[in-house]
Amino acid sequence: MHLIDFYNFKPPAELLVNRDESQAIRVNAAKTSLEFRRNAFNTDSVDEALDLLDFCYKIVSRSGLSENGTYLPKAIHPKYSCVTPKTSIDDAMDEARMVMCGAMEGLLKRQGLAPKDVDIIVTTCSIFCPTPSLASMVVNHFGMRPDVQSYHLGGMGCSNGVVAVNLLKDLLRSRPNCNAILLTTEITTPAYYKGKDKHRQVTNMIFRTGASAVLFSNKRAMVRRAKYVLATNYRVHLASRDPAYKCIWFGPDDEGNNGIYLGKDVVTEASKSLSMAMFKVAPSILNASQIAAYAATEVQRKLLGRKVPAYKPVFTQCLDHFLIHAGGAKVLDGIGKELQLDEAAMEPSRMVLHDYGNVSSSTTWYTLGYVESVRGAKKGECFFYAASIYSAAQPAAAQSAAAQSPAIAVGVGAFCQRRSAQHMLPFAATLCICGAVLTPRAFMLCPGDRLLQIGVGSGIKCGVNVWQAVRDVHDVQDAWAHR
């Protein structure tokens, strides 16, 4: 699956949110306007409104968002709609047209394409799902062909933009010679909470407006322009368990005010899903020395009964860039610690949070935009994984390598499927036999940058995509020109 290009939408400067200015406007309104107190917090009490505003200010101050660098639509922007936030369907559609059509226009312009050149379009937005759909809105706005295939994905929260890649991969596999566009966003207007539940007020402080458009293609002429190829991906869904299913949801509080509820189990359940997903993709991304170290550790723990710490790989040794959902400062801290990532690896995600806030399902695509604009990605022509061959230009070389080291596929197959003690010793032996010809990153025939994309959202759902750069990329996105 080839990723041709993408575009991060940058909202107009008039929608910038100045933290201190917004707080001053809201504090003044809380003291002087009963209408504001009722609309913003469903209370008549000045003291209660001021207490909630103090809580909100503390949250946003510690969130990692810039003091003057994120965006909100006018309908819920303190500067324009402080006393009466507008959350109607019409207001939500105005935001949707601005960010989604803006992202689409930017992508088409970058690639010199017309709307009629698009064969498949997939839109994602978790909470706002109007009828007709957002996909239909985009088709109408651009006057697209009547045979365009359109789909909308909702309800999956911040994982939408990563998990949607699964659908696009399947669609392109079944339809040759097609261009497909993913439009991913979260419309903030209808998700704005007008109550006093602090669990729900948190999302008002960290979610911001934005959208990304991503172009995939299996057309021969377009593939020549590709930036990345999908090396491997995996998704986890834990909704069969109540704690996971109920920890993030959109619905009414005790007084009937709708908002996004973030429960106390969010971090725990998100960590479980991420751990499961990373274990599944690990054999495809760890280098030979890391897999050997894991095998040796498991032999000691499970076969020999020794009390040694579980092996935790350092992913910066086998991956080059990390596109992590910037859900908040604490979220990034937790993921960074879990994956043992240094600040250099975390910087792109932290910069997205700082400059754009939590833009939900499009967050990881903004992170990729930062990587391309500020750091660049280096060409990597092909993959050879333990169980699969991924080759953009040299399939014969990949097959040759597989023939020379057949034990690698067998060994890692056992690693993926069987982890009991009786299987660890032959697996370790297999690695030792192959050790003479394996070097770090031996599973990748050609050097090049690999990018890990992680999205976690309601459900709980977790999606992990691994991308390989197929050419040198250093394109400055409009959204990151200021960097």
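Taken from CD1 in I206 to OG1 in T70, the straight-line distance is 11.5 Å, to the nearest 0.5 Å. One distance of note links CZ of F322 with CE of M346; it measures 9.5 Å at 0.5 Å rounding. Taking CZ of R97 as the start and CD1 of I187 as the end, the distance is 11.0 Å to the nearest 0.5 Å. Note that the CG atom of L319 and the CG atom of L452 stand 5.5 Å from one another [nearest 0.5 Å]. Between C82 atom SG and E35 atom CD the span is 10.0 Å, to the nearest 0.5 Å. Atom OH in Y294 sits 4.0 Å away from atom CZ in F279 (nearest 0.5 Å).
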Q: May I have the step-by-step check of side chain to side chain contact (heavy atoms under 4.5 Å, CB included) for E21 and I25, ending in yes or no?
A: CA-CA 6 Å; E21 179 185 18; I25 291 172; 4.1 Å; yes
Practice task
Walk me through it: do D51 and K198 pass the test salt bridge (charged side-chain N to carboxylate O under 4.0 Å, His left out)?
Solution key: CA-CA 11 Å; D51 177 67; K198 292 182 178 180; 3.8 Å; yes
Side chain to side chain contact (heavy atoms under 4.5 Å, CB included) between C158 and S361, worked out
CA-CA 4 Å; C158 301; S361 57; 5.7 Å; no
### Task
Would you sort out whether E255 and K196 count as a salt bridge (charged side-chain N to carboxylate O under 4.0 Å, His left out), showing the intermediate values?
CA-CA 9 Å; E255 298 175 334; K196 55 176 72 77; 3.1 Å; yes
Residues Y193, D253; criterion side chain to side chain contact (heavy atoms under 4.5 Å, CB included); working and verdict:
CA-CA 10 Å; Y193 175 61; D253 61 14; 2.4 Å; yes
- Task: Dump the intermediate steps for side chain to side chain contact (heavy atoms under 4.5 Å, CB included) on L113 and M222, then the final yes or no.
- Result: CA-CA 11 Å; L113 297 176; M222 294 297 292; 4.3 Å; yes
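For the residue pair T209 / T188, no side-chain donor-acceptor distance below 3.5 Å is found, with atom types taken as modelled. Under 3.5 Å, the side chains of D265 and T268 contain no donor-acceptor pair of N or O atoms.
Judged purely by atom type and a 3.5 angstrom limit, N39 uses its side chain to pair as donor or acceptor with the backbone of V83. In terms of modelled atom types and a separation under 3.5 Å, the side chain of N8 and the main chain of S212 share no donor-acceptor contact. The backbone N or O of D117 lies less than 3.5 Å from a partner atom in the side chain of N179, making a donor-acceptor pair. At least one donor-acceptor pair closer than 3.5 Å links the side chain of Q290 to the backbone N or O of V314. Within the 3.5 Å criterion, the main-chain N or O of P348 finds no donor-acceptor partner in the side chain of R375. With hydrogens and angles disregarded, a donor-acceptor distance shorter than 3.5 Å links the side chain of H474 to the backbone of S373. Distance alone, capped at 3.5 Å, places no donor-acceptor pair between the S61 side chain and the K58 backbone. Judged purely by atom type and a 3.5 angstrom limit, E67 has no side-chain atom pairing as donor or acceptor with the backbone of D20. A donor-acceptor pair is defined here as one N or O able to donate and one able to accept, closer than 3.5 Å; such a pair exists between the side chain of N218 and the backbone of L172. Listed for the S458 side chain is a donor-acceptor partner under 3.5 Å among the backbone atoms of G155.
Side-chain contact between M278 and E338: absent, with no pair of heavy atoms (C-beta onward) separated by less than 4.5 Å. Residues R19 and Q23 form no side-chain contact, since every pair of their non-hydrogen atoms from C-beta on lies 4.5 Å or further apart. Taking the side chain as every heavy atom from C-beta outward, F9 and M100 never approach each other to under 4.5 Å. By the 4.5 Å heavy-atom criterion applied to side chains, F36 and R26 are counted as neighbours. At least one side-chain heavy atom of K74 sits less than 4.5 Å from a side-chain heavy atom of E14. Using a 4.5 Å heavy-atom threshold, the side chains of I120 and F216 count as separate. Here the side chains of W365 and L323 are not in contact, with every heavy-atom distance at 4.5 Å or above. Looking only at side-chain heavy atoms (C-beta outward), V359 and Y71 stay at 4.5 Å or farther from each other.
Ring geometry for H77 against Y80 counts as perpendicular: the plane angle is over 60°, on a 0 to 90° scale with 30° as the lower cut. Note on ring orientation: taking the six-membered ring where Trp is involved, the planes of Y261 and H199 are tilted (angle from 30° to 60°).
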Residues 244-251, side-chain donor-acceptor partners within the protein, below 3.5 Å, at least two apart:
none

Which donor-acceptor pairs under 3.5 Å do the side chains of residues 328-337 make with protein atoms, sequence neighbours left out?
{"unit_1": "D333", "atom_1": "OD1", "unit_2": "R350", "atom_2": "NH1", "d": "3.3"}
{"unit_1": "D333", "atom_1": "OD1", "unit_2": "R350", "atom_2": "NH2", "d": "2.7"}

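In summary, of the residues considered (K10, M98, K79, R208), a side-chain contact (heavy atoms from CB on, under 4.5 Å) with L15 occurs for M98 alone.
A salt bridge links R38 with D44: at least one charged nitrogen is closer than 4.0 Å to a carboxylate oxygen. Comment: R145 engages D119 in a salt bridge, judged by a side-chain N to carboxylate O separation of less than 4.0 angstrom.
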